Structures are given as C-alpha cells and as structure tokens.
Amino acid sequence: MSDDEYIYDEDSGEWVPAAELAAKRQAATQVEVRDAVGNLLADGDQVTLIKDLDVKGAGQTLKRGTLIKSIRLTGDPQEIDCRYDGIKGLVLRAEFVRKR
C-alpha cells in the first residue's frame with residue numbers, strides 16, 4: 001500500500017489515506033484490558049497477584065504477591081494469558097492482578 005492511495009471512509013464521509021483508515025480500524029477492534037485498580041494492561045507487562053488463587057488442574061495455589069512476567073492479552077477484556085513455572089496454559093482474570 002503506498003501513501004498515495006485514498007479510500008472512502010463511510011463513517012466520516014471523507015476520502016482518507018489508506019494507512020490512516022487501516023490504523024483507525026485496527027484501533028477500533030482492540031480490546032482494553034484493565035487490572036484490578038484500573039491500569040491499562042498491554043502485552044509484555046508484569047503483574048502481581050492481589051489474592052491467593054487455586055489453579056485448577058495443577059494442584060497448586062498461587063499466593064498473593066506472586067510476580068507474573070510477560071503477560072499476553074487474549075482479546076477478552078477480562079482474561080490474560082501468562083506463563084508460570086510448572087503451570088502450562090495459565091489464564092488469569094484481570095480482576096485478580098495489579099500492574100507492576
């Protein structure tokens with residue numbers, strides 16, 4: 001796509017650069033994920049647990065204050081995907097974490 005291409009934006013009724021319209025559409029599809037205190041989370045953030053959580057299927061309890069490194073957003077505004085030693089496929093609810 002070159003910078004000279006323009007596309008008609010039906011929402012605004014104007015001709016806009018193709019790159020600008022693509023960025024606008026991508027931003028509209030992104031989901032905001034917020035932690036327990038309202039901080040915006042992003043891929044790669046570190047979070048801390050705010051309460052003890054029993055992990056189903058792993059037979060472990062993650063204690064309050066546990067640091068989870070390098071989270072990934074899932075597209076669901078309430079869930080984050082993360083890794084923790086000994087637990088594969090760990091998905092946490094955003095309401096139980098705080099951004100570090």
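We're numbering straight along the sequence, starting at 1. Only a predicted model underlies this, so the values are computations on that prediction, with no experimental measurement involved.
Looking at Thr74 and Asp81, their side chains never bring a donor and an acceptor atom within 3.5 Å of each other.
Rounding to the nearest 0.5 Å places OH of Tyr84 at 9.0 Å from CG of Leu67. Rounding to the nearest 0.5 Å gives a distance of 8.5 Å between CD of Glu20 and OH of Tyr6. Rounded to the nearest 0.5 angstrom, Thr66 OG1 and Asp85 CG are separated by 11.0 Å. Remark: Asp45 CG to Lys69 NZ distance equals 14.0 Å, nearest 0.5 Å. Note that CG of Leu21 and CD of Glu14 are 11.5 Å apart. Values are rounded to the nearest 0.5 Å. Atoms CD and OG, from Gln46 and Ser70 in turn, are 8.5 Å apart once rounded to the nearest 0.5 Å.
Clustering ILVMFWY residues whenever any of their side-chain heavy atoms sit less than 4.5 angstrom apart, transitively, puts Leu62 in a cluster other than the one holding Val91. Residues Leu92 and Val55 share a hydrophobic cluster, clusters being chains of Ile/Leu/Val/Met/Phe/Trp/Tyr side chains in contact below 4.5 Å. In this structure, Ile50 is not a member of the same hydrophobic cluster as Ile80, with clusters built from ILVMFWY side-chain heavy atoms closer than 4.5 Å.
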- Let me see the working for Thr61 and Asp52 under side-chain hydrogen bond (donor to acceptor under 3.5 Å, both in side chains), right down to the final yes or no. CA-CA 7 Å; Thr61 299; Asp52 292 352; over 6 Å; no
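Ring centers of Tyr8 and Trp15: under 6.0 Å apart, within the cut-off.
Pairing each heavy atom of Ala36 with each of Glu95, the nearest pair is CB-O, 3.3 Å. Between Gly75 and Val31, the closest heavy-atom pair is O-CG2, 3.3 Å. Across all non-hydrogen atoms, the minimal contact from Lys63 to Leu49 is O-CD1, 3.7 Å. Residues Pro77 and Ala94 approach most closely at O-CB, 4.4 Å, considering heavy atoms. Pairing each heavy atom of Leu73 with each of Ala42, the nearest pair is CD1-CA, 4.1 Å.
The number of heavy-atom neighbours closer than 6.0 Å to CZ of Arg34, taken from other residues, nucleotides and ligands shown, is above 12. Counted within 6.0 Å of CZ on Arg83, heavy atoms from surrounding residues, nucleotides or ligands total 12 or fewer; the atom is thus considered open.
Note on Arg98 versus Asp35: no salt bridge recorded, every NZ/NE/NH1/NH2 to OD/OE distance being 4.0 Å or above. The pair Lys24-Asp9 meets the salt-bridge criterion, with a side-chain N (NZ, NE, NH1 or NH2) lying under 4.0 Å from an Asp/Glu carboxylate O.
In terms of modelled atom types and a separation under 3.5 Å, the side chain of Lys99 and the main chain of Leu40 share a donor-acceptor contact.
No side-chain heavy atom of Val47 sits under 4.5 Å from any side-chain heavy atom of Arg100.
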